[in-house]
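Given the structure is predicted, the values throughout are model-derived calculations rather than measurements. Throughout, a chain's letter reflects where its sequence line sits, starting with A, and its residues are numbered from 1.
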Number of protein chains: 2
Amino acid sequence: MGIKERKEKHKENLRQSILDAAKKLFLSEGYDATSIRKIAAEIEFSPTTIYLYYKDKAEIAHALHVEGFKLLATQFGVLQFVKDPFERLKAMGEIYLRFALENSDFYELMFVLKEPIAHLKGSCVYENWEEGEQAFQALLYNVSACQQAGYFKNLDTTAVSMIAWSTLHGLCTLKLHGHIDHMSSHEPSLQQMEDIVKQSYNTFMVMLERIK
Amino acid sequence: MGIKERKEKHKENLRQSILDAAKKLFLSEGYDATSIRKIAAEIEFSPTTIYLYYKDKAEIAHALHVEGFKLLATQFGVLQFVKDPFERLKAMGEIYLRFALENSDFYELMFVLKEPIAHLKGSCVYENWEEGEQAFQALLYNVSACQQAGYFKNLDTTAVSMIAWSTLHGLCTLKLHGHIDHMSSHEPSLQQMEDIVKQSYNTFMVMLERIK
DNA sequence: TTGCATAAGTTAACAGTGTTAACTATATTT
DNA sequence: AAATATAGTTAACACTGTTAACTTATGCAA
């Protein structure tokens with residue numbers, strides 16, 4: 001029947017369909033609600049079959065984590081058209097922010113959860129965090145370009161990059177984990193801001209621009 | 001009525017010893033490994049007894065979360081002796097950073113996990129996040145004092161405070177979740193830094209100081 | 001064709017988790 | 001003494017990740 005045919009097709013690339021099922025569940029119900037058993041039910045195989053294709057749940061998490069970085073990389077793609085270094089850095093931050101807020105589950109997997117990258121250390125040949133490094137190198141490049149254009153004088157490129165990343169990451173996670181919302185509901189100065197994240201980001205950019 | 005009072009006290013005692021047991025487990029084994037059943041075993045009561053004193057696990061998490069904020073508040077205490085506003089802001093950041101790195105489990109509970117503050121919304125009279133607010137108000141006060149001393153001119157106090165908090169929070173979480181370490185092991189520019197967090201923080205302070 | 005090894009997938013189980021309904025034993029009140 | 005309220009327990013539900021042991025199907029050499 002139709003189901004059997006579909007099953008046959010799945011068998012051809014079971015590893016991929018496990019990942020697809022995981023992704024589907026993960027995007028619709030979040031990471032915690034994505035259990036091995038639910039993935040198995042989705043592809044209509046027994047839970048133990050998953051372990052024939054992935055070492056454990058962390059390995060699936062890592063595979064999704066890689067997908068997330070691919071998605072972010074494509075969104076960073078437009079940056080090549082922004083010629084002015086500072087404008088490019090600004091745009092990079094905006095893309096990062098939007099990515100985090102619009103793909104919060106992916107963001108969690110990429111920059112919050114320990115599992116996907118802890119998995120690296122456990123397995124393989126002491127593999128490093130390739131995805132994160134690439135993104136950071138792009139940031140380093142942009143910060144460096146800004147410095148050549150006269151920004152961030154006498155400041156360490158790496159340290160400035162770390163700060164830029166940290167600020168954005170902090171803003172994203174405080175928002176995503178509900179801390180900003182919980183505070184804005186009662187703190188008057190925050191209540192007045194209509195978009196705290198966006199306004200804070202803009203202020204940060206003004207701060208960066210005004211470093212003498 | 002003496003008997004009733006003693007009973008009340010016993011009830012209070014048990015509620016407190018549940019919290020103590022939870023804290024002990026949580027500090028030695030982390031949040032995830034602190035299960036209701038383990039807490040029960042620690043105080044030598046059955047797991048269900050816990051539910052006579054706390055609504056659910058999130059309520060225990062919230063109680064510990066409050067303890068964490070008390071601890072942070074005492075560490076902030078020394079700030080009153082720092083008269084210069086900018087130096088005080090600097091010291092505040094250093095205390096925050098040290099607190100996060102030395103009490104990573106508490107930090108997770110206070111600023112990362114959703115459970116303890118999501119619990120607020122679920123129960124009570126739409127209670128707000130008192131602890132977080134108080135800490136933020138202290139930050140607002142210090143940023144405002146800096147502005148009166150000529151720093152951060154023409155910048156919104158709340159936005160600057162949000163950025164300061166975000167930057168510190170970002171730095172802390174990237175470190176605590178292993179993202180910095182995973183990157184520093186292969187990225188050359190990071191390898192050269194002996195203490196990435198500390199050096200980045202210092203750079204951030206220089207950046208703030210140099211805003212024209 | 002028979003016999004067998006390998007691969008692929010399944011069943012059943014282990015050791016946990018948070019949480020709840022229903023029960024018991026004890027102490028207090030009527 | 002009987003009724004009631006309190007405190008705590010047992011047993012269960014519905015989950016979780018993960019593993020050992022089993023079955024079934026396939027391809028290949030004798």
Per the end-axis method with five pairs at each terminus, what is the bend angle of the helix from C:dT1-D:dA30 to C:dT30-D:dA1, to 10°?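 Between the axes fitted at each end of the helix from C:dT1-D:dA30 to C:dT30-D:dA1 lies an angle of 40°.
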OP1 or OP2 of D:dG8 under 4.0 Å from side-chain N/O of B:Thr49: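 Answer no for this pair, as no side-chain N or O of B:Thr49 is under 4.0 Å from OP1 or OP2.
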If only side-chain N and O atoms of A:Tyr53 are considered, is one of them under 4.0 Å from the OP1 or OP2 phosphate oxygen of C:dA8?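 No.
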Grab the [atom1]-[atom2] distance between [X] and [N] for me, whole Å please.
X: A:Glu44; N: C:dG9; atom1: CD; atom2: C1'; answer: 15 Å
X: A:Asn13; N: C:dA8; atom1: CG; atom2: C1'; answer: 15 Å
X: B:Ile50; N: D:dG8; atom1: CD1; atom2: P; answer: 11 Å
X: B:Leu14; N: D:dT6; atom1: CG; atom2: C1'; answer: 13 Å
X: A:Phe45; N: D:dT24; atom1: CZ; atom2: P; answer: 17 Å
X: B:Leu52; N: D:dT6; atom1: CG; atom2: C1'; answer: 10 Å
X: B:Ile18; N: D:dA7; atom1: CD1; atom2: C1'; answer: 12 Å
X: B:Glu29; N: C:dG16; atom1: CD; atom2: P; answer: 12 Å

Donor-acceptor pairs under 3.5 angstrom involving side-chain atoms of residues 190-199 of chain A: please list them, not counting sequence neighbours.
residue, atom, partner, partner atom, Å
A:Gln191, NE2, A:Ser185, O, 3.3
A:Asp195, OD1, A:Val197, N, 3.4
A:Asp195, OD1, A:Lys198, N, 3.2

Tell me which pairs pass salt bridge (Lys or Arg N to Asp or Glu O under 4.0 Å) where either residue lies in residues 156-170 of chain B, with sequence neighbours left out.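 Every pair satisfying salt bridge (Lys or Arg N to Asp or Glu O under 4.0 Å) with a residue in residues 156-170 of chain B: there are none.
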All pairs passing salt bridge (Lys or Arg N to Asp or Glu O under 4.0 Å) where residues 41-54 of chain B contributes a residue, at least two apart: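 Non-adjacent pairs meeting salt bridge (Lys or Arg N to Asp or Glu O under 4.0 Å): B:Lys24-B:Glu42.
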Partners of B:Glu94 by salt bridge (charged side-chain N to carboxylate O under 4.0 Å, His left out), sequence neighbours excluded?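 Partners of B:Glu94 by the salt bridge (charged side-chain N to carboxylate O under 4.0 Å, His left out) criterion come out as none, since no residue qualifies.
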Is it the case that atom NZ in A:Lys57 sees more than 12 heavy atoms from other parts of the structure closer than 6.0 Å?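 More than 12 within 6.0 Å, yes.
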For B:Phe76, is the CZ atom crowded, meaning more than 12 foreign heavy atoms sit under 6.0 Å from it?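 Count over threshold, so yes.
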Restricting to ring-ring contact (aromatic ring centres under 6.0 Å, His included), what partner residues turn up for A:Phe204, sequence neighbours left out?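 Expected list: none.
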With sequence neighbours excluded, residues passing ring-ring contact (aromatic ring centres under 6.0 Å, His included) with B:Phe69: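 Listed in chain order: B:His65, B:Phe111, B:Trp129.
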Side-chain donor-acceptor contacts of residues 95-105 of chain A below 3.5 Å, not counting sequence neighbours, with atom names and distances?
residue, atom, partner, partner atom, Å
A:Tyr96, OH, A:Tyr107, OH, 2.6
A:Tyr96, OH, A:Trp165, NE1, 3.1
A:Asn103, ND2, A:Phe99, O, 3.0

Polar-atom pairs under 3.5 Å, protein N or O versus N or O of nucleotides 17-21 of chain C: list them with distances, or write none.
residue, atom, partner, partner atom, Å
C:dT17, OP1, B:Ser35, OG, 2.7
C:dG18, OP1, B:Ile36, N, 3.1
C:dG18, OP1, B:Lys57, NZ, 3.4
C:dG18, OP2, B:Ile36, N, 3.0
C:dG18, N7, B:Arg37, NH1, 2.4
C:dG18, O6, B:Arg37, NH2, 3.1
C:dT19, OP2, B:Tyr51, OH, 2.9
C:dT19, OP2, B:Lys57, N, 3.0
C:dT19, O5', B:Tyr51, OH, 3.3

